[in-house]
Chemist: 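Have a look at this one before I ask anything.
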There are 2 protein chains.
Amino acid sequence: MTRISSVTAADPGDVVAEITAALHARGERMTTPRRTVVEVLARKPGHLTAEQVVAVTASPVHRASVYRTLDALCDLGVVQHIHVGHGATAYHLVDPSGPHPHGQCRHCGHIYDLPRRILDAATRRLHRDIGFRLDAHHVALSGVCASCATTDID
Amino acid sequence: MTRISSVTAADPGDVVAEITAALHARGERMTTPRRTVVEVLARKPGHLTAEQVVAVTASPVHRASVYRTLDALCDLGVVQHIHVGHGATAYHLVDPSGPHPHGQCRHCGHIYDLPRRILDAATRRLHRDIGFRLDAHHVALSGVCASCATTDID
DNA sequence: GTTGTTGCAAATTGTTTGCACTGGT
DNA sequence: ACCAGTGCAAACAATTTGCAACAAC
């Protein structure tokens, strides 16, 4: 079974095949730059900014194309983008079990995957109390991670 | 009793006096541009971007000075800044009862004050489970507000 | 009279867009 | 061959910075 994960590196070949099919189903195309970007996302675990993708592509892909590709992949639903408080938007392949919340350490800047249901109670309460439908995985929560907590003086 | 609130407009005179004292206690100065910015924040309820502050100042204050002033006021602890997923950082005077979480409607863009304890459970669990110390009021959560929920097709 | 602050202009960072051209299908 | 997608350059938005002049204390 194909595993697409932000944490474990996925098989780039599988991911490319899968996404190619999804693109074709929409009348869109799998191009060399797009393949290159997908391969980067599949190989690199974790959360990458557009600029980081540009930096690590083997064959050069233009900045603008990387942005447009990531956009297209988000529309397709195969990539998740996360706004981080300070700094650039981060992207990663969506986990097979769907998107999950994120937290950024304000000390080291690292982005962590958070437990999928961590905001369930808040989501329910917000909806019930003020009708706000929380989108738990669109922005990275801010905080200080375990490894920085000991060092942090703020 | 002085009331500094993001929702209710506060008495600009009171707020200026209070903040002047806080600045002096640190060897910093209350200048005309700073007073102007503080008065805007005190008069305008809600959440303003630096650009919006620039736009509404009676006597003109330079962009850069507005940014630096807001920064200084955040350092002082009298202003709270909120990163919003898409768009500029928002600022407001801190509530007397302290900072609170925020949510931005991805449909209309409006920023809402959320109940102060809405993320308490998540905060506790994150700390206990993975040692992540959540800063619940530093970023605006994303979602769809009640009034947009009926219209939203996404 | 110090020295913290300001205004200005210019640099930075992240991202988008118009357009002629190219490469998938 | 058609047209989605590319590269490029330029625009854009939000923010920061170096520096000389200025104004609080």
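Side chains included, hydrogens not; waters and symmetry mates left out as well; all remaining heavy atoms used. These figures come from a predicted structure and were not determined experimentally. Letters A, B, ... mirror the listed sequences (proteins, then strands); counts begin at 1.
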Chemist: Check nucleotides 1-4 of chain C against the protein and report each pair of N or O atoms closer than 3.5 Å, with its distance, or say if there are none.
Modeler:
from, atom 1, to, atom 2, distance (Å)
dT3(C), O2, Arg29(B), NH1, 3.1
dT3(C), O2, Arg29(B), NH2, 3.1

Chemist: Decide if atom NE2 of His86(A) counts as having more than 12 heavy atoms of other residues, nucleotides or ligands within a radius under 6.0 Å.
Modeler: no
Chemist: Counting only side-chain heavy atoms from C-beta out, which of dC25(D), dG18(C), dT25(C) sits nearest to Arg68(A)?
Modeler: dG18(C)
Chemist: Check salt bridge (charged side-chain N to carboxylate O under 4.0 Å, His left out) between Asp129(A) and all other residues, then give those that pass, not counting sequence neighbours.
Modeler: Arg125(A)
Chemist: Just by distance, do the side chain of Thr69(A) and the backbone of Ser65(A) share a donor-acceptor pair under 3.5 Å?
Modeler: yes
Chemist: Is Leu114(A) close to Ile130(B) at the side-chain level, that is, under 4.5 Å between some pair of heavy atoms?
Modeler: yes
Chemist: By a strict heavy-atom criterion of less than 4.0 Å, which residues belonging to residues 80-87 of chain B are in contact with DNA chain D?
Modeler: none
Chemist: Would you say dG14(C) has OP1 or OP2 under 4.0 Å from some side-chain N or O of Thr89(A)?
Modeler: no
Chemist: Of all residues at least two apart in sequence or in a different chain, which pass the salt bridge (charged side-chain N to carboxylate O under 4.0 Å, His left out) check with Glu51(A)?
Modeler: Arg63(A)
Chemist: Under a 3.5 Å distance rule, please check whether Arg116(B) uses its side chain to pair with a backbone N or O of Gly98(B) as donor and acceptor.
Modeler: yes
Chemist: For His137(A) and His102(A), I'd like to know if the aromatic rings sit close, meaning centre-to-centre distance below 6.0 Å.
Modeler: no
Chemist: Using the salt bridge (charged side-chain N to carboxylate O under 4.0 Å, His left out) rule, take Arg68(B) and Asp71(B) through it: C-alpha gap first, then chi angles, then the decisive distance, then the call.
Modeler: CA-CA 5 Å; Arg68(B) 283 183 288 219; Asp71(B) 232 55; over 6 Å; no
Chemist: Do any of residues 49-67 of chain B sit with a heavy atom less than 4.0 Å from DNA chain D, and if so which?
Modeler: Arg63(B), Ala64(B), Tyr67(B)
Chemist: Verify the distance criterion only: is there a donor paired with an acceptor across the side chains of Asp95(A) and His100(A) at less than 3.5 Å?
Modeler: no
Chemist: Would a line drawn from the ring center of His81(A) to the ring center of His92(A) be shorter than 6.0 Å?
Modeler: no
Chemist: Is Thr32(B) close enough to dA24(D) that one of its side-chain N or O atoms is under 4.0 Å from OP1 or OP2 there?
Modeler: yes
Chemist: Let's test your reading of the pairing rules: Watson-Crick or G-U wobble, both distances under 3.5 Å, then write DNA chain C as a dot-bracket string with ( ), [ ], | and dots.
Modeler: ||||||||||.||.|||||||||||
Chemist: In whole angstrom, give the distance that lies between atom CG of Asp71(A) and atom C1' of dT15(C).
Modeler: 10 Å
